[in-house]
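This report concerns only the one structure given below.
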Protein chains: 2
Amino acid sequence: MRTMTWNQQVVKKNNKALVLQLIMEKEPLSRADIAQVSGLNKTTVSSLVSELLDEELIYESGPGESSGGRRPVLLHFNKDAGYAVGIDIGVNYVLCVLTDLKGNIVIEKNQMVHRTPYSAIMSIVQNMITSLIKEMPSSRYGIIGIGVGVPGMVNKEGSILLAPNLGWTNIQLKEDLENLFHVPVIIENEANAGAVGEQQFGAGLDNQNLLYVSAGIGIGVGIILNNDLYQGKNGFSGEMGHMIIELNGKSCNCGSRGCWEAYASENALLAMADPNIDSLESLMELAEKGDQQALDLFKQIGQYLGYGINNIINTFNPEQVIIGNRLAMAQKWIEEPIRTTIAQHTLAYHQKEMQLKFSKLKKYSTALGVSAFVVDYFIKEEAKTP
Amino acid sequence: MRTMTWNQQVVKKNNKALVLQLIMEKEPLSRADIAQVSGLNKTTVSSLVSELLDEELIYESGPGESSGGRRPVLLHFNKDAGYAVGIDIGVNYVLCVLTDLKGNIVIEKNQMVHRTPYSAIMSIVQNMITSLIKEMPSSRYGIIGIGVGVPGMVNKEGSILLAPNLGWTNIQLKEDLENLFHVPVIIENEANAGAVGEQQFGAGLDNQNLLYVSAGIGIGVGIILNNDLYQGKNGFSGEMGHMIIELNGKSCNCGSRGCWEAYASENALLAMADPNIDSLESLMELAEKGDQQALDLFKQIGQYLGYGINNIINTFNPEQVIIGNRLAMAQKWIEEPIRTTIAQHTLAYHQKEMQLKFSKLKKYSTALGVSAFVVDYFIKEEAKTP
DNA sequence: AAACTTTGTTTGCTAGATATACAAACCTTT
DNA sequence: AAAGGTTTGTATATCTAGCAAACAAAGTTT
């Protein structure tokens, strides 16, 4: 049961968070604007704003344009009050970004890796963070937290139960990083993180219900409903790569048959391609040159993606579906077949007003997503302090 | 953006609702118990309880057992403070129940129908409600609202956009009923209502994340996540009957191919059966007699249901999947193939702790679900009054 | 220059949650 | 049975935070 008790502190905390959120989203903004938009009393707004000023989460700037009376004092979000670390651990790379509180990348580190034992990846990550901290501009709050996106199943306590493509089982990355750096650490599945990233900073701005299809070596889906990431009972939601789209179809690594990712992932694409083509990149080069076989392959993959997205739309009636991860690089060739497939199969009422988009953050979706997570946590915690 | 402003009225309203909810769920209960469980101050609880007593939503009973000191005054939920009407409009029946505030059926009316033009159904519904009102016991609040479940797409404003099996398009049932009876009216999709019904009164008690698979003439799915019904952007979520489970598979009424409900619905079952079998009931009779063909058919349908449920589990990582509507009557024959199919296909981590159950409310799922909706709305509204 | 507008603060009020004290009712121990 | 301790529930006073009204400051319009 949700035993949530309400009292004045809760009210204040939430109002303060509301004011801060408004400033973040619509800066520059006057106190009067905030009062009008939020419905809060002018005095209440003034008092909350003054606390936020003390905490250096916002700052004032010179007077704005008058609208027929006294000129307003404009308020801005202090995006440099602290910095978040966002890390994307992929199968052959580690990407690490330092972002300000608005998700702008301040420093970026990228390293290719060939083998992925935990100890090796851990030491790379540790080095990256340590050097980020050295290079980081000084600020009121410093590093506010570390977020990590991994291609695997993460439970709600932050344990990585299984990351097949990294060869990891039962890894306590959260604990290890917290012991090293003594800041809040958040571990998330790569698709979930990507969904949050796109919603906060990318193609999904202002959308309450969106699905992010991470189409890479496998397929995972990040699910945002009513503005919140939906994680399922244990944190394992969105394993739609293993949705069956063909009865007794191609066999899949997971032991089942006919899974979506056996048809529509990068692995599936390469399996269908000529054996001497070894990467998505080389296939894209061929397509760029007009190679018919490559073009047909992309068309095929687009159709397969479309079938799965049909299922997503009929299930969730979302505002938006965003396609991300590596296959999104092939947008040029796969977009049209995806759209055609949806148009032919999906219920008309569901198609109406539904937006299909491609990732805007590209390779940064996941890293920026976990960074957004960290910022979110910080903002909520910070707004609490008296 | 969620521009939710908070103030003391909101606090009080929510605390009052919390207290009432506690009493509903755990009666009998003393004021001291409530204070302890909720974390609210004893005085606060006392004052809220006294308001609830004035409103006759709860009542006191003789003192309970002492636990070493003064004996507590026990509080009970007054389930007879008012009554809700729940109506299930099916393709060949109209079921209408009057329930108390705990979902117990007080009066029940059931009528077979052969043709389903709106005017005919509407007059049946009107007559049923009118006679319910006559027969209803007297109470403080009388009829607190009317809920209707329909097999079709209902938008968030309560318009029935499309109910193919009834032959309805763009029906304003909500408006019509409100004009007739002047109480709040809620219209919901049949599967959504069933999900709510099972969660509140049936097989899904205490589950925060559950999916209700309404397997009847077609297939619809009601989705409850984090204790709330998820309706999607427009209210059209859960059309998983049109999830593609076979590429280029059987053609479906919706215009697409390979839809789940083309394989696993009652219609699909009858299409596969001998042409002189005209109903699920007669097929069940055959199976009861040990007819091998009938048994095989049920096994087949069970497998098909299992494939779709596999997709549901991998997508949502739910606590529970409940199978309801007409096909649930064949539990005896379809349960085992469903379980086997899931065991063979679904990711192991997702299977763990996942409960598969069959409807407990049987034919009442939908009617009790909309009734629960009405009660919920009433409780929330009522708690507001000063 | 006078009148009006808009912005933001000061002042006093109020609702509602909380802490403290206390009374009532009960149990346990001597 | 009397004393002492517990538990339940209420009465009283206090405090927090939002709100309304008044006002000051800084504009614009006529």
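All values below come from the heavy atoms of this structure, side chains included, with hydrogens, waters and symmetry mates left out. Residue numbering restarts at 1 for every chain, and letters A, B, ... go by the order of the sequence lines.
Remark: aromatic rings of A:F378 and A:Y141 are close, center separation under 6.0 Å.
Ion pairing of B:K102 with B:E27 is present here, as a side-chain N (NZ or NE/NH1/NH2) and a carboxylate O approach within less than 4.0 Å. B:K174 has no carboxylate O lying under 4.0 Å from a charged side-chain N of B:E188, or vice versa, which leaves the two without a salt bridge.
Within 4.0 Å of A:V45, counting heavy atoms only, lies no atom of the nucleic acid at all. Counting any heavy atom pair closer than 4.0 Å across all strands shown, A:S67 reaches sugar-phosphate atoms only and no base atom. Among the heavy atoms of the strands lying under 4.0 Å from B:S30 are primed sugar atoms or P, OP1, OP2 only; no base atom is included. Counting non-hydrogen atoms under 4.0 angstrom, B:S66 reaches the backbone sugars and phosphates but no base.
Comparing B:S46 and A:V11, the nucleotide of DNA chain D nearest to each residue sits closer to the 5' end for B:S46. Nearest-nucleotide assignment on DNA chain C puts the 5′-proximal partner with A:G69, out of A:G69 and A:K42. The nearest heavy atom of DNA chain C to A:A32 and to A:G68 marks one nucleotide each, and the one closer to the 5' end goes with A:G68.
Between B:V97 and B:T99, the closest side-chain pair of non-hydrogen atoms falls below 4.5 Å. Side-chain atoms of A:I186 and A:V148, non-hydrogen and from C-beta on, never get closer than 4.5 Å to each other.
For the helix from C:dA1-D:dT30 to C:dT30-D:dA1, the rotation axes defined at the first and last 5 base pairs enclose an angle of 0°, given to the nearest 10°.
Checking C:dG16, C:dT18, C:dT11 against every side-chain atom of A:Q8, the shortest atom distance belongs to C:dG16. You'll find that the side chain of A:R31 is closest to C:dG8, out of C:dA15, C:dT18, C:dG8. When distances are taken from the side chain of B:K12 to each of C:dA17, C:dT11, C:dA19, the shortest belongs to C:dA17. The side chain of B:R70 sits closest to C:dA23 out of C:dT10, C:dA23, C:dT18.
Exactly one of B:V73, B:L74, B:D33 qualifies for a side-chain contact (heavy atoms from CB on, under 4.5 Å) with B:P28. That residue is B:L74.
The two atoms that bring B:S38 and B:V45 nearest to each other are OG-CG2, 4.5 Å, heavy atoms only. Considering every non-hydrogen atom in both B:P184 and B:I144, the closest pair reads CD-O, 3.6 Å.
Atom CD of B:E51 and atom C1' of C:dG16 are 11 Å apart (whole Å). One interatomic measurement links the two molecules: CG of A:N41 to C1' of C:dT10, which rounds to 13 Å at whole-angstrom precision. Put simply, CG on B:N14 is 14 Å from C1' on C:dG16, counting in whole angstrom units. Rounded to an integer number of Å, the gap from CG of A:L29 to P of C:dT7 is 11 Å.
Pairs passing the side-chain hydrogen bond (donor to acceptor under 3.5 Å, both in side chains) check and including a residue from residues 61-78 of chain B, sequence neighbours excluded, read B:S61-B:H76.
Think of the region where chain A sits on DNA chain D: with heavy atoms and a 4.0 Å cut, that region ends 5' and 3' at D:dT16 to D:dT28.
For A:Y377, the OH atom counts as loosely surrounded, since its 6.0 Å shell holds 12 or fewer non-hydrogen atoms of other residues, nucleotides or ligands.
A sub-4.0 Å separation between OP1 or OP2 of C:dT18 and a side-chain N or O of B:T43 is absent.
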